[in-house]
Amino acid sequence: MTGDPGEEAQTQAVVSDQDVVRVRQLVRTAAVTAKLSLVDQTKVVTAASELARNTLVYGGGGSVQVRVVRQRRSGVRVELADDGPGIGDLELALTDGYTTGGGLGLGLSGARRLVDEFEIDTAPGRGTRISIVKWAR
Amino acid sequence: MDRVPVLKLGDVLLVSIQVDLADKTTVQLEEDLSERIVATGARGVIIDISALDIVDSFVGRMLATIAAISRVLDAETVVVGMRPAVAITLVELGLSLHGIQTALNVERALEVLSRARDDDWIPPLDTEDDTAPAAP
Ligand SMILES: Nc1ncnc2c1ncn2[C@@H]1O[C@H](COP(=O)(O)OP(=O)(O)OP(=O)(O)O)[C@@H](O)[C@H]1O
Ligand SMILES: [Mg+2]
């Protein structure tokens, strides 16, 4: 989960659409440092972009931590947290095409497909915490 | 807020996206383009995304919307320069790009559009020929 030793996290507040752009840039830099392939860099940046937009739009803003992790392989971990309304029916929210905001409903489900690890901790009234990891191959 | 310029080349509108777009900029571009298609009666729209290193669902939806709007207004949209890593990621994300024409570069896109225009014109002539009294 959190606290992989050795690597300092970059923290980015997410309160505007410009911050979502900054999250993409931070994740890109970390993905390059972690030596992910170009396709894997693109996948994790795209996943982070989807999730950070959700943090902004549904979570009412929050923060994102980005870090390079090194275990047997190197990778990028992105953790998003907000104190918004949380998600009541997670299974439903993770269904392709499910949206309460007039989107395409692909953000959560698509982001999960694009990464190697996907953890979500959410409940109504308790906000939403999501952690994703993409490993170098 | 940044604003993406829309250029007019004859009856084609050309947009070259050079920076990572914030969502508001994407929405603004969608509005600008729709208005310009109507105002200019453009027959084609070329959106060059070769500088974009990612396209997420927000930008993807903008591309699909522009393509749909142009179709209704009798214009065609061609997306140019999508990087392979971007295409792979979009498919895995689940975004369907069907209905969106793509081309390698702007020159090819112009060819696609002029071919489409030729196709537009030939059928009525054919029909006329067909309905003309058959030669004895
Ligand atoms: N951080 C969050 N806090 C509260 N609800 C959320 C959060 N993230 C997602 N949701 C809920 O889950 C639904 C699905 O999210 P998802 O990102 O898949 O789709 P979307 O954002 O509606 O559309 P898209 O991302 O395709 O534009 C959202 O419509 C929203 O109801
Ligand atoms: Mg979303």
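Order of the sequence lines fixes the chain letters, A, B, ..., with proteins taken first and strands second; residue numbering starts at 1 for each chain. These figures come from a predicted structure and were not determined experimentally. Only this structure's heavy atoms are used, side chains among them; waters, hydrogens and symmetry mates stay out.
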> Looking at A:Gln25, A:Arg24, A:Gln41, which has the largest count of heavy-atom pairs under 4.5 Å with chain B?
Replying inline: A:Arg24
>> So for A:Arg53, is it side chain, backbone, both, or neither that comes closer than 4.5 Å to the heavy atoms of chain B?
In response: side chain
>> Suppose a student defines contact as a heavy atom less than 4.5 Å from any heavy atom of chain A. Which residues in residues 87-94 of chain B would they list?
In response: B:Ile88, B:Thr89, B:Glu92, B:Leu93, B:Gly94
> Step by step, would you call A:Glu50 with A:Leu114 a side chain to side chain contact (heavy atoms under 4.5 Å, CB included)?
Replying inline: CA-CA 11 Å; A:Glu50 295 296 334; A:Leu114 289 170; 5.9 Å; no
>> Pair A:Phe118, A:Leu94 - check side chain to side chain contact (heavy atoms under 4.5 Å, CB included), show working.
In response: CA-CA 11 Å; A:Phe118 183 99; A:Leu94 278 165; 4.2 Å; yes
>> I'd like to know if A:Asp82 pairs up with A:Arg126 as an ion pair, taking the criterion as any Lys NZ or Arg NE/NH1/NH2 lying under 4.0 Å from an Asp or Glu carboxylate oxygen.
In response: no
>> Under 4.0 Å between a side-chain nitrogen and a carboxylate oxygen: does that hold for A:Arg113 and A:Asp96?
In response: yes
> Contact part of A:Ala111 toward chain B, heavy-atom cut-off under 4.5 Å: side chain, backbone, both or neither?
Replying inline: backbone
> Applying a criterion of heavy atom separation less than 4.5 Å, what residues of residues 61-70 of chain B form contacts with chain A?
Replying inline: B:Arg61
> Got a sec, which hydrophobics cluster with A:Leu38, joining ILVMFWY side chains under 4.5 Å apart, including via others?
Replying inline: none
> Do NZ/NE/NH1/NH2 and the carboxylate oxygens of A:Glu119 and A:Arg129 come within less than 4.0 Å?
Replying inline: no
> In terms of heavy-atom pairs under 4.5 Å with chain A, which of B:Asp56, B:Val55, B:Leu21, B:Leu95 leads?
Replying inline: B:Asp56
>> Taking 4.5 Å as the heavy-atom cut-off, does anything in residues 33-40 of chain B contact chain A, and if so which residues?
In response: none
> Does the pair B:Thr25 and B:Asp2 meet the rule for a side-chain hydrogen bond (donor to acceptor under 3.5 Å, both in side chains), with working shown?
Replying inline: CA-CA 6 Å; B:Thr25 311; B:Asp2 297 327; 5.1 Å; no
